[in-house]
Colleague: 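What follows is a structure written as structure tokens; I'll ask about it next.
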Amino acid sequence: MNIISSIASNVALPVFREFTYVLMYNQNLINLETQIQKLQREEKEMRHSVEAAKRNGEEIEDTVRDWFFRGQAAIQEAQHFLHGEDKERVGCLDVYSRYTNSQRAKTLVDLICEIKNETFDRISYRCALKCNFSSSARGYVDLDSRTGMLNEIMNVLKEDSDVHIIGLYGMAGVGKTALVKELAWRAEKDGVFDLVVMANVTNSPDVGTIRAEIADGLGLRFDELTEVGRASRLRQRIRQEMKILVILDDVWGKLCLTEVGVPFGNDHKGCKVLVTSRDLNVLTANLGAKKVYRLEVLSEDESWSLFEKRGGDVVKDLSIQPVAMKLAKNCAGLPLLIINLVEALKNKDLYAWNDALEQLTNFDFDGCFYSKVHSAIELSYDHLESQELKTFFLLLGSMGNGYNIKDMLVFGWCLGLHKHVDTLADGRNRLYKLIDNLRDACFLLEGERDSVAALEVVRNVAASIGSKVKPFFTVQRNAELKEWPRKDVLKNCHHIFLDWCLINELPERLECPNLKILKIHSQGNYLKVHDNFFDQMKELKVLSLGGVNCTPSLPSSLALLTNLQALTLCKCILDDITVVGEITGLEILNLENSELRVIPPEIGRLINLRLLDLTDCSKLEIVPRNLISSLTSLEELYMGMSNTQWEVKVKEIEKQNNNSILGELRNLHHLSTLNMQINDTSIFPRDLFSFGRLESYKILIGYGWNFYEVDESENYKNSRVLKLNLSMDSSILMDYGIKLLMAHAEDLYIAELKGVKEVLYELNDEGFSQLKHLNIQNCDEMEEIIGSTIWSNHDHAFPNLESLMIHNMMKLERICSDPFPTQAFSKLQVIKVKNCDMMEFVFLHSTVKHLSELVEIEISECRFMSYIIAKQRQEEAGQTDKFALPKMRSLTLESLPSLVSLSPESCIDDTENNDGFYSQLLSDEVEFPCLETLKLHSINVQRIWDDQLLSRSCFENLTNLTVDGCERLKYLFSYSVAEKLVKLEHLLISSCKLVDMIFVPDEVTSNIFHTRRSPDEMVPLFPNLETLVISEMDNLKSIWPDILIQNSFCKLKKLEITSCNQLLNVFPSHVLNKLQSMESLNLGYCLALEVVYEIDAIREQELEIETPLKTLSLGHLPKLKYLWNKDPRGKIKFQNLFMVKATKCESLKHVFPFSIAKDLLKLHVLEVSDCGVEEIIAKNQAEIEEHVGLVFSRLLSLKLLNLQELRCFCSGNHNFRFPLLNQLYVVECSKMETFSHGILRASILRRVCLNENGDQQYWEGDLNTTIRKLFNKDFQGRSVVS
């Protein structure tokens, strides 16, 4: 019974449960509708919370988004079910349908209840702020200089793990902020960093504000109450990011990153910091940046490019464009000024643009355009580190546009600008430091140490500030002084600068009681100075006169200048300068380049004189005895370019008195700087320099030296230069003083030395430790530079040598003997060897490892030079490892008839040659990873490089290649080699007589089997080549590879081909659509050339080409029949042509096909001479376009010269318009009966020139009438326009 009851229970209960679905059918539907409404209310409330979070800038949690998605899906499903249920209720439902629908409703109720009852800890969160600057907010415009720097900084950030802080500096308004915003956006977009945060520091930094900006970028809120706690929290948060970039913009001074809370270096290697500033010292000294980059102003081209891009269609208006271009040029390359200007003028009329140009030209700082730039530069001035630096900056502003290091030293010294400076040498060092500081602060442009230049806008801001402190009067160099200032202005002047100006005359006197500096340098005429000119300037400290005539004597009022410390008489005509001896406080006397015969004894009274400059006083004959020795305070003496007559006088005096005038130099115990030139070595006193106090010197002894000669080594501006020509007397080398000078020299020249076989160790056995530049020439007995170390106590040589020049050394066999001295040439950068016939090599293989700093090698005219780098004897039998010159950028080899290879490793076996090897210049065995320039002239190698270069790193940076006169070469590049020269920009090929193809396939060049690669397997050839010049190639038949893929030669701008007498065409059909940058084409003296553009085999779909060609020049091409071998029918357009010239093309029948001529809207100049053309434009063959008009809207000049077959400009019945044509030459065109047959309009043309000089002209109302009457010979008695 229990079993039956249990079975009944187990069966009945489930059956009953299922039956309840039928009974609860209506209730379940009602419950479903109720739950839908409840979920909808819950969803509405949740959406309010979500919207509130979004308004707070918070991101919604994914679980909440998922809840909304699931809730909507459930509601839609339930509503869809109820809608279907309503339809079914219209009929009568059977029991099964009620059961299934009720069950479905119950399931949906449970699902909706589950969704409705879900809870969340939070619905939103604050995310880190992205660097999602819009393009307008970034303010960045893609310019080459900016993009290059951006990419360089990005590469360092990505790849250099040792650099944690990078600096970017530049002057105000140069675009630093725009650049780093662009970098931040790209770094985050490209995934270089997980997070990029940026803070603006400003000139009044607040650490709390900086920290808060960074925290905002991280989505961090501080709960800590103290600054230390917040810094620690920020540091902890940054460490959570694997890769993060922190940008600190506009930093002005010291900023402690630890105090801010930014970890870097070992604290967090994944954190990189990029800092911008106006001052280099802030980045290096204050923040310790390891890499710094200076952002310079834009070039003129980039300024106009930025102006165009920001101005849009406005600057394309032909009335506004000329003014806009002048404005862009006057914006000093500052993006800030350019952008402000464009935005202000964009919707203005032409008069507003002209007014803006007037403001910019006159530097109107009160106007609206310059105000931001002026205030920004003035703010930078206010933050200069010292009053000395500020005063120096204002002094530069008062000097106009002519900065001279000598002047700056004199002005600073005499005005007391440099505190705690006791000697001129110390003053010069302080001056260089001030210049460096102004460069670091971006007030001065980058340049050589002695070359100082500033932007004009910076100079004018300095002048604007300085004029309020110390008024001055300045006229720009080379300008005309139209009138002198008013008397009230002169009375307040502190400085007057008239630097090589056009001055008609000087007033009788200048009343300037406050004047400290007066500089008057006149060009064009020698001014006369009145005797009373100086009597009202008693405070004068510096007087500099140039181009004045002070004969018979200097003005007597000069003696009244008791405060004068510096007197310069430069390029003056002088006679009696005795009055100078009365200015006993004088410390600097400069007579450079003046005409002066005698220095009076009274100059010896100037016991305070520190500097005397007699450079290039070409007429100086007499310097009194004991005068030099009486100048006991003299620190610097300049006597360069002394004349021969003075040396003769000195020799005579020495014979009479047995006393050396030059020997008086020994008594100048303060002398530290000496420049002198002595041609006659016999008057040179022995042991003159044995006192050894000279810190700086330039001493030339012997004939043949030019004191101002600019040599490669002298570009380094060394302070100790010694040049010796010992052809007359080699014994001078035994002089102890000369040995001392030689030992301390930085720049040493030796010529015509006899009896010496080596420089080291015969001339000096200490190794020339301070020498940087060595030039040896015409020493016929010298055999090597560094002799054997067995004779020396030291085994090092030339440890600081940077350049070595060897010329005309006919017995020189080697540079160095074995063994190679320790540290020899370890800093050598440049070596040049010329006309040394006995040299067979330059370096041994074993020495190359010491030449890691080598940058340039130039070897020329060495008849027996077979290798540049040779093996040692013991190495020849064995295998030699690869070697590299890691920093070498330039290699020049010229006129080396015996050269086999760069090194023996580059030679390859070749059984076809009698000598058993193939001469090949370069190979993978010798690597030049940084080589940029390779020049080969008249060398006899059979190959330049291994045709199967294994390593791209060998030559991947090569940008310039010249191959000239290499007569054994048969081709230049295999495809494999060409593919690796990806950075090549300039290629010149000349006089290689055997070369018939420039490029050859790999299967032609190698004995190894190569399958011909499909285009899909090839890479672009020469994608960066810009210039290609080919000349004197008698056997050349093909310029281009047989197969070219897209982007090959895509940047080629200039192509020049001359004297290639086997060349039949220039551009085969497969090349045309690759040359998308070609701007200039010059073809000449190619005797077989028949067609320029070959378009026969081009498929129709490939013909839509727009070429950027601007200039086309054709000359001496006797067989040229066509420029285009058929009319391209508009598929190829030359709409950018600016100038076309053709001469001596006797077979040419026309210049342009009709379809090409239709698009010549930019053509300005067209010249055709001595050609066989019958018409300039070929008649259109398509009759439907017979009456089409052609407009040459920009053509200004048309010259038709000596065209004996020319009948007309175009024989078709077309209309022509020349709205700007104002110059037409028709000379010796005897068959020309009319200009054209259709309607012709040349609205401003009023004459036709009948000869090449243009002085015979004719006009008869309109152009066609003029031509017809001229050539009907119906112009006798007509008026000729003159």
Side-chain angles (χ1 to χ4, degrees), residues 407 410-411 413-415 470-475 481 483-501 503-522 525-609 611-613:
D407 285 349
V410 171
F411 299 158
W413 178 269
C414 296
L415 293 178
K470 293 182 178 179
F472 60 87
F473 175 65
T474 300
V475 175
L481 174 64
E483 61 178 352
W484 288 88
R486 301 188 313 271
K487 286 188 177 181
D488 59 325
V489 174
L490 288 173
K491 283 184 178 180
N492 292 318
C493 265
H494 285 252
H495 309 147
I496 294 178
F497 293 103
L498 306 176
D499 191 16
W500 300 116
C501 297
I503 305 171
N504 291 324
E505 62 178 352
L506 294 176
E508 185 175 345
R509 62 164 52 88
L510 284 180
E511 191 174 345
C512 305
N514 295 308
L515 196 64
K516 302 293 190 299
I517 300 175
L518 174 61
K519 182 176 183 179
I520 301 177
H521 286 199
S522 169
N525 64 316
Y526 284 97
L527 293 174
K528 291 292 291 183
V529 184
H530 295 277
D531 212 38
N532 299 322
F533 186 75
F534 302 107
D535 62 7
Q536 295 296 318
M537 47 182 82
K538 303 291 179 61
E539 296 297 316
L540 196 66
K541 292 188 175 183
V542 179
L543 173 61
S544 181
L545 299 178
V548 300
N549 185 342
C550 295
T551 56
S553 64
L554 290 171
S556 60
S557 58
L558 199 64
L560 302 176
L561 303 179
T562 55
N563 291 307
L564 196 68
Q565 293 177 254
L567 173 62
T568 295
L569 301 170
C570 177
K571 295 184 180 179
C572 296
I573 300 176
L574 306 174
D575 190 359
D576 180 8
I577 63 170
T578 305
V579 69
V580 175
E582 299 181 33
I583 313 173
T584 55
L586 203 65
E587 296 186 40
I588 296 170
L589 177 58
N590 184 350
L591 304 174
E592 182 180 1
N593 260 285
S594 287
E595 296 183 14
L596 178 66
R597 196 180 66 84
V598 178
I599 295 182
E602 286 79 4
I603 298 299
R605 300 176 189 168
L606 303 178
I607 58 174
N608 294 308
L609 199 67
L611 184 152
L612 176 60
D613 194 341

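Hydrogens, waters and symmetry mates are skipped; everything else that's a heavy atom, side chains included, is used. This chain uses plain numbering: 1 for the first residue, then up along the sequence.
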Colleague: Has Ser594 got a side-chain atom pairing as donor or acceptor with Cys572's backbone, closer than 3.5 angstrom?
Modeller: yes
Colleague: Phe473 vs Val489, test: side chain to side chain contact (heavy atoms under 4.5 Å, CB included). Steps then yes/no.
Modeller: CA-CA 9 Å; Phe473 175 65; Val489 174; 5.6 Å; no
Colleague: Taking all non-hydrogen atoms of both residues into account, name the closest pair between Trp484 and Glu505 and its distance.
Modeller: NE1-O, 3.5 Å
Colleague: Given Leu591, which of Thr568, Leu569, Leu567, Val580 fulfils the side-chain contact (heavy atoms from CB on, under 4.5 Å) condition?
Modeller: Leu569
Colleague: By side-chain hydrogen bond (donor to acceptor under 3.5 Å, both in side chains), which residues pair with Asn504, not counting sequence neighbours?
Modeller: none
Colleague: I'd like to know if the side chain of Asn563 reaches the main chain of Lys538, judged simply by a donor and an acceptor atom lying under 3.5 Å from each other, with no hydrogens or angles considered.
Modeller: yes
Colleague: With Leu586, which of Leu543, Leu606, Ile607, Asn608 fulfils side-chain contact (heavy atoms from CB on, under 4.5 Å)?
Modeller: Leu606
Colleague: To check you understand the geometry: which heavy-atom pair defines the closest contact between Leu561 and Met537, and what is its length?
Modeller: CD2-O, 3.3 Å
Colleague: For the backbone of Lys519 and the side chain of Ser544, can you confirm whether one donor and one acceptor N or O come within less than 3.5 Å of each other?
Modeller: no
Colleague: Whether the side chain of Asp531 engages the backbone of Ser556 through a donor-acceptor N/O pair (distance < 3.5 Å, no angle test) should be reported.
Modeller: yes
Colleague: With Thr584, which residues qualify under side-chain hydrogen bond (donor to acceptor under 3.5 Å, both in side chains), at least two apart?
Modeller: none
Colleague: Report the C-alpha separation of His494 and Phe472 in whole Å, then their side-chain angles, then the decisive distance to 0.1 Å, and conclude whether the side chain to side chain contact (heavy atoms under 4.5 Å, CB included) test is met.
Modeller: CA-CA 6 Å; His494 285 252; Phe472 60 87; 5.9 Å; no
Colleague: Is the backbone N or O of Leu527 less than 3.5 Å from a side-chain atom of Ser522, with the two atoms forming a donor-acceptor pair by type?
Modeller: no
Colleague: If you round to the nearest 0.5 Å, how far is CG of Leu558 from CG of Asp535?
Modeller: 11.5 Å
Colleague: Does Asn514 reach the main-chain N or O of Lys491 with its side chain, forming a donor-acceptor pair under 3.5 Å?
Modeller: yes
Colleague: With sequence neighbours excluded, what pairs up with Asp613 under the salt bridge (charged side-chain N to carboxylate O under 4.0 Å, His left out) test?
Modeller: Lys406
Colleague: Verify, without hydrogens or angle tests, whether Lys528 (side chain) and Thr551 (backbone) share a donor-acceptor contact under 3.5 angstrom.
Modeller: yes
